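Take a look at the structure below.
Values in this document were obtained by computation on a predicted structure and should not be read as measured data. Every chain is numbered from 1, with letters handed out A, B, ... down the list of sequences.
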Protein chains: 2
Amino acid sequence: MSSVNIEKLKEIVGENNVLYHKADLYVYGSDSSVHEAMPEAVVRPLNTEQVQAVMRYANSEKIPVIPRGSGSGMCGQVVPVQGGIVLDMKAMNRILEINPQDGYCRVEPGVVDDDLNRALKPYGVFYPPTPASSCAATIGGEIANNASGGRSVKYGAARDAILAMKVVMPNGDLLSFGSTTRVAASGYPLERLMVGSEGTLAVIVEACLRFVPIPKLRCLGTAKFNKLSEAGNAISDIMGSGCQPSMLELIDKIAIVAANKAAKLGLPEVEAILLYEADGMTKDVIDTEMAKIQAICEKHNCFGIESSYEEKERARIWAGRAKLFPSLSKYDERLASTSLADDMAVPFSKMAECADKIHEIAERNGLVMTAYGHCGAGCMHTKILMDTDQHISWENARKAVAEIYDFVRSVGGTTSAEHGIGLSKAQAFKTEKAASLELMRRIKRAFDPNNIMNPGKLMDGPDDWVEATTLRYQSN
Amino acid sequence: MSSVNIEKLKEIVGENNVLYHKADLYVYGSDSSVHEAMPEAVVRPLNTEQVQAVMRYANSEKIPVIPRGSGSGMCGQVVPVQGGIVLDMKAMNRILEINPQDGYCRVEPGVVDDDLNRALKPYGVFYPPTPASSCAATIGGEIANNASGGRSVKYGAARDAILAMKVVMPNGDLLSFGSTTRVAASGYPLERLMVGSEGTLAVIVEACLRFVPIPKLRCLGTAKFNKLSEAGNAISDIMGSGCQPSMLELIDKIAIVAANKAAKLGLPEVEAILLYEADGMTKDVIDTEMAKIQAICEKHNCFGIESSYEEKERARIWAGRAKLFPSLSKYDERLASTSLADDMAVPFSKMAECADKIHEIAERNGLVMTAYGHCGAGCMHTKILMDTDQHISWENARKAVAEIYDFVRSVGGTTSAEHGIGLSKAQAFKTEKAASLELMRRIKRAFDPNNIMNPGKLMDGPDDWVEATTLRYQSN
């Protein structure tokens, strides 16, 4: 591996946009995962031409390049395990076009999700695949990970919203994929292939996205359950009965306690709460939907149903859910919340079993784990709460994570619902997709013959996430 | 190129499932396009193992293999331009699973679209990406071409409905792509890459599809216009105003006259009719939607608005639209309807200009062309009506087709909306995607190093569609 020529990079992007001091590199050595590894340089391109020049240089010297948004990813996608250049895309953050007539917008990859939605609001439309981290997450990062979030149950994921894309290839070529039209059947959908590629194929420099009308009304409801499995069964029944909620979230007791502690929500500390939302253009259609969902919850022995069309009340309840991940560290001051086995997808009918299984595995391995997530989209989140100072905690986590993914695969689920693979889930991913890994490598080679794009991830990720990098925790 | 060993194929699929007599080969030498070319053999596999064995044989001998559904494609996708084996997938037509609880079904590729929807109906759900040819079109063919149809404006295309897929690779390996869960962020979405690949990458042997609840009510409306451009502007305004029709179709005068002649619809023979539908779970929400659409049509000087919730009336009007393609041959007995420049997608705001442009180009080249299509999804259909006995007609068609695609590209449109590329559109496709053709070839090579999967299509398609194959018309 060549070492990076800092002067060359400064020539391309200007002196102020190359970082190489240890303190700076340290910041870019981690994301929201447990991993860390130092890059050799951080480059902040201001435009496509600069990205092209950086890629031409890196490709000729075979230096790894890791495109990065806000670093809010939870699995180590942007941790530079083989060193090289972190390409910080946050300065390319212009909204290039909002075209309500043709139903799309064009943005640079560094645009923050919330900023895009603020800009779209005056047009009466919104970009739906919005993760809980939308105040920081960039559109480029969301696309790279196929982010989705609370409303994916109705509106789909990033993959469903992408119409077209401009990318810089590893050799510096600028290519356009897809088209701005609503439908297209013009050959391989390369714009979709890029979604979920986690920076391993090419650098996204522009995205053309669909948006949808903001519904006139939204109604948020909650139902409480004394058994986690009953809440799980309600989810499966709601989704199997033709209901079309715009959100359907599960929160288990551990998450409720943590959210109450962190955000003073005053939620009842029951075994499980379902949060559900219906939206639409008339009250009538929403009332019908809410009544159907509530009837199913009641069939599964829920109690304490509440619902509100009132924006303030909805926002208060939702704010707690959005902050659940950071809140979890408040559950028990001695236990840190780590992003491990953090999101998987399972069929609706396995939701109840999955929630119970998570708690069983946690208990058996001396850990605390929570079950929550956008369950209406099949997405189950967990976090492992543990004493990260203790080496034994990591050993237990290693076992628990493996058991969880064994379970997920056994019920026809998949390794990640919306957070992606990165380093933490590479082992589970490689087991799940074993038969296709060689094909994936050949596809990567078709884009990136020198293997400079975020190497050592996905199909080339580590077999053991604990040993893959230095952990961001010191244990003994 | 090796010649095909018929005995070997009989060993694999049985004597009755190999066709090689000239009369049989002739049938499989064409689809619904203008092209024809003879295969060396037709093989009808009954199961995945047989597909694997055929592929292993063909790959070892480097014999082209062309997977084929019902042959309803309009651009020559399944015309075997380099000979070889046509793999007729129609016998693999089992619905393997309908799972309402988990919101998906699994089918073999030969299942006919209407048969699938008949089987889904008792569960209160439907598979929405349904082309007008749904009585014949197979799910495998629809996926290979990213078919969509009338309701794609609300429900999306095949690409949006696919969750997972099993494919047989050219070397005979059986791979699983995607997962049955509603969301997934587990690496490259290979199941989506397959959609639109037109048989050039691998053989689809199973598809796992999403379905959606059948709406309780549907209301169909029509509005008439004295100017085609006013109808086009209404479309653009409807889509730009946050309306969410479940169908929005344009039919121009030529199509109206033809549909009336063929199906005795009694439609008023005005310059353009818009057909629009709203669907939903309550009348209230549909009435709101219909009123919005009608108000916009009125703003653009429509007249004679009619609408009906009544199924029989809706079916009668829609039946005429569904049969438009065959009906077009009735417009003028001397002119045959040819599938040329048959579908493109343009931004909504260019719809009016595009419709006018089609007629202008037709007139300038001494041809008759019609403008119709699922315009709410950006899809504009045409057909060229011409005296196919005359050589000059083909020369004129060649010029007209090129002019249409020049226009489509100039307004940011794409070569195909839902019919795919095949042979007829390869030239336009290669012009549109010029910068990415090499990447596409490398991706094909990643799947198919011996280039046996439907060779000579998409990025390797012909530069001149008129000379590409024998035409299915004799001219002098």
Side-chain angles (χ1 to χ4, degrees), chain A residues 100-103 124 145-146 148 152 157 159-160 175 179-190 192-193 195-197 213 236 239-240 242 244 280-282 284-285 288 345-349 377-379 412-421 429 433 435-436 439-440 442-443 446 458, chain B residues 100-103 124 145-146 148 152 157 159-160 175 179-190 192-193 195-197 213 236 239-240 242 244 280-282 284-285 288 345-349 377-379 412-421 429 433 435-436 439-440 442-443 446 458:
Chain A
Q101 204 70 3
D102 293 328
N145 290 291
N146 194 25
S148 45
S152 59
R159 193 167 289 156
D160 304 298
L175 299 186
S179 92
T180 63
T181 58
R182 185 61 57 91
V183 291
S186 297
Y188 304 158
L190 301 179
R192 305 253 181 157
L193 178 61
V195 185
S197 64
S236 155
M239 295 311 296
Q244 297 179 294
M281 291 301 174
T282 66
D284 173 82
V285 75
T288 308
V346 294
F348 302 128
S349 61
C379 166
T414 189
T415 306
S416 172
E418 54 168 14
H419 292 176
I421 302 300
F429 171 75
K433 306 282 188 190
S436 304
L439 175 61
M440 293 179 198
R442 292 198 299 270
I443 290 171
L458 288 177
Chain B
Q101 206 69 2
D102 292 328
N145 290 291
N146 194 27
S148 46
S152 58
R159 192 167 289 156
D160 304 298
L175 299 185
S179 91
T180 63
T181 57
R182 186 60 58 91
V183 291
S186 297
Y188 304 157
L190 300 180
R192 306 253 182 159
L193 178 60
V195 184
S197 64
S236 154
M239 296 310 298
Q244 296 178 295
M281 292 300 173
T282 66
D284 172 86
V285 74
T288 308
V346 295
F348 302 128
S349 60
C379 166
T414 189
T415 306
S416 173
E418 53 167 16
H419 293 177
I421 302 302
F429 171 75
K433 307 283 187 188
S436 303
L439 175 61
M440 293 178 200
R442 291 198 300 269
I443 290 171
L458 289 177

Partner chain B: residue of [options] with the largest heavy-atom pair count (under 4.5 Å):
options                                : value
A/Ser349, A/Gly420, A/Ala435, A/Ser179 : A/Ser349
A/Ala345, A/Pro347, A/Gly196, A/Pro189 : A/Pro189
A/Gly242, A/Gly378, A/Gly103, A/Gly124 : A/Gly242
A/Cys379, A/Ser236, A/Ala377           : A/Ala377

Side chain, backbone, both or neither: which part of [X] has a heavy atom under 4.5 Å from chain A?
X        : result
B/Leu193 : both
B/Thr288 : side chain
B/Val285 : both
B/Asn145 : backbone

Minimum heavy-atom distance [X]-[Y], with the two atoms named:
X        : Y        : value
A/Tyr188 : B/Met440 : CE1-O, 3.6 Å
B/Ser148 : B/Ala157 : CB-CB, 3.6 Å
A/Pro213 : A/Met281 : CB-CE, 3.9 Å
B/Thr181 : A/Gly412 : CG2-O, 4.1 Å
A/Thr414 : B/Ser186 : OG1-OG, 2.8 Å
A/Asn146 : B/Ala184 : ND2-O, 2.8 Å

Subject >> Contact origin within A/Ser152 toward chain B - heavy atom pairs under 4.5 Å >> reply: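 Just the side chain, heavy atoms under 4.5 Å.
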
Subject >> Note: A/Arg159-B/Asp160 ion pair, threshold 4.0 Å (strictly below) >> reply: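 Not counted as a salt bridge, because no side-chain N and carboxylate O are separated by less than 4.0 Å.
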
Original post:
Picking from B/Lys433, B/His419, B/Met239, which has the most non-hydrogen pairs under 4.5 angstrom with chain A?
Top reply: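 Option with the top pair count is B/Lys433.
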
